[in-house]
Amino acid sequence: MSIFINKQDSFGLDISDLSLKVANIEKRGKQFEFTSFGCLAIPKGVIKDGQIQDEGRLVKAIHELLANVHGKQIKTKNVVCCLPEEKSFLDILQLPVLDPEETAQAVIFEAANHIPIPLEDVYFDFELIQPLIKNPKQQDILIAATPKKIVDGYFNALKKAGLRTQALEVEPLAIVRALVKLNVATKPLLIIDFGACRTSFIIFSGHNVTFSSTIPVSSNELTRVIAEKLNIKPKEAEDLKKSEGLEGDKKVFNAMTPVLTDLTQQIKNHLDYYKSHIPSSQGLNNLDNKVDRILLCGGGANLKGLANFLTSTFKIKVVLSNPLTNLKKTNLKTTPILDKEKSLCYATALGLALRGAQL
Ligand SMILES: Nc1ncnc2c1ncn2[C@@H]1O[C@H](COP(=O)(O)OP(=O)(O)OP(=O)(O)O)[C@@H](O)[C@H]1O
Ligand SMILES: [Mg+2]
């Protein structure tokens, strides 16, 4: 489900507030092969809360990023790019089973009650949720909308960078494509993207995203509180965060406690919310509707001891995800090496690249 679609070879581009990341995947027969990746930090103020503020600097940064990828040079000008979750609306409509034309009309009518800004101001798309077990009376529809102002900003910046937009996709849809093995989960999964500037929660069940939200708790916030509490420079605090994590120096752990408490409270809220709002036509019985596993991604997931800490807090298995799970394993000389730690930062870019390879 994308805002724009145009079929041709394309690479994935993840635009975040403080970084750009690129990944390229090529289709070989029925399998996908990873060929290139790259990352570039961008200064504060170029993008703010997912909204482009300085198009000129963004265009320059895109050129610099593409000129310095690891692996094979990216020759195509076609791009699949993500749209910020915090500026988008993903929701589920529950409708009676209707024919496709009636469904489309009902979706547009109902969507107006779910999207908090007028429909004429958003780009809007919808998709039937494939339930694990069909309910003959009810269908669930995933709707996605992003304000035209935001989408047009991305589209124009990419055009100025000399790129052709093949698809713009709301970030959670890209993340699940990279992380969920074969894109199916028989029991609900909670995916947590713990990034530099924010944390996103995504619930994936059956074949679809069924919920997503973003909060401002972030891994950079951990660095900020360490610097503040221990009265040290941000660079030193960042190094301590990475070297000590939750398992090292108690002073570092204690400094991070308020942010970790906030994070665990938010995870609890999301688990509780899901329990009471599970879409009924997912075909899951009461035993199967509990979140079964939590997958972590985003660079912040590398915090030493985080997965164990969350496992013991929630008594749910929490694991670091594998954003390369749906790719073919190769030992080709051209395949770039993306280690486990870095790969967690590339979930979005890889999901977008997979979308490009599947178009
Ligand atoms: N080994 C590590 N231990 C702890 N934190 C880490 C580690 N490696 C990276 N990080 C943190 O991960 C964050 C960067 O993650 P990521 O690349 O996923 O963010 P982003 O995609 O740029 O941001 P966002 O998605 O929030 O816009 C930084 O805050 C960085 O300090
Ligand atoms: Mg990110």
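Atoms within each ligand, like the ligands themselves, are counted from 1 in listed order. Only a predicted model underlies this, so the values are computations on that prediction, with no experimental measurement involved.
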Non-hydrogen atoms of Ser218 versus ligand 1: any pair closer than 4.0 Å? no
For Ser19, take its heavy atoms, then give the atoms of ligand 1 lying under 4.0 Å from any of them. 20 (P), 22 (O)
Is there a chain of hydrophobic side chains (I, L, V, M, F, W, Y, each step under 4.5 Å between heavy atoms) that links Val59 to Val22? no
Please state which option from Leu246, Leu306, Asn302 has its nearest heavy atom closest to atom 2 (C) of ligand 1. Asn302
For Gly298, the atoms of ligand 1 under 4.0 Å from one of its heavy atoms are 18 (O)
Please step through salt bridge (Lys or Arg N to Asp or Glu O under 4.0 Å) for the pair Lys27 and Glu33, ending with a clear verdict. CA-CA 6 Å; Lys27 197 166 182 200; Glu33 191 185 305; over 6 Å; no
With the threshold set at 4.0 Å, does a side-chain nitrogen-carboxylate oxygen contact exist between Glu171 and Arg198? yes
Identify the closest protein heavy atom to atom 11 (C) of ligand 1: which residue and atom is it, and at what distance? Ser219 OG, 3.5 Å
Under a 3.5 Å threshold, yes or no: a donor from one side chain and an acceptor from the other, between Glu85 and Ser212? yes
Which of the listed options, Ala41, Ser16, Gly299, holds the heavy atom that is closest to atom 18 (O) of ligand 1? Gly299
Shortest protein heavy-atom distance from atom 8 (N) of ligand 1, along with the residue and atom involved: Lys242 CE, 3.6 Å
Check ligand 1 against Glu238 and write out every atom of the ligand that is under 4.0 Å from a heavy-atom position of the residue. 30 (C), 31 (O)
Distance-minimising heavy-atom pair for Gly298 and Asp193: CA-OD1, 3.3 Å
Near Cys197, which atoms of ligand 1 are under 4.0 Å from a heavy atom of that residue? 23 (O), 24 (P), 26 (O)
Distance from atom 17 (O) of ligand 1 to nearest protein heavy atom, with residue and atom: Lys21 NZ, 2.9 Å
Can a donor-acceptor pair be found between the side chains of Lys241 and Ser219 at a distance below 3.5 Å? yes
Give the residue, atom name and distance (to 0.1 Å) of the protein heavy atom nearest atom 28 (C) of ligand 1. Asn220 OD1, 3.5 Å
Would you find a donor on one side and an acceptor on the other, under 3.5 Å apart, between the side chain of Asn156 and the backbone of Asp152? yes
Give the cluster check for Ile215 versus Leu18: same hydrophobic cluster or not, with ILVMFWY residues linked at side-chain heavy-atom distances below 4.5 Å. no
Note the single closest protein heavy atom to atom 5 (N) of ligand 1, along with its residue, its atom name and the distance in Å. Lys241 CE, 3.6 Å
Heteroatom proximity flag, Leu18 to ligand 1, N/O under 3.5 Å: no
Students should be able to answer this: which protein heavy-atom is nearest to atom 19 (O) of ligand 1, and at what distance? Ala196 N, 3.1 Å
Short list, please: which atoms of ligand 1 are under 4.0 Å from a heavy atom of Leu303? 3 (N), 4 (C)
In terms of hydrophobic clustering (I, L, V, M, F, W, Y; side-chain heavy atoms under 4.5 Å; direct or indirect links), are Leu98 and Leu93 co-clustered? no
Give me the nearest non-hydrogen protein atom to atom 1 (N) of ligand 1 as residue plus atom name, then the distance to 0.1 Å. Glu341 OE2, 3.1 Å
Ignoring hydrogens and angles, state whether a donor on the side chain of Ser205 or Thr210 is under 3.5 Å from an acceptor on the partner side chain. no
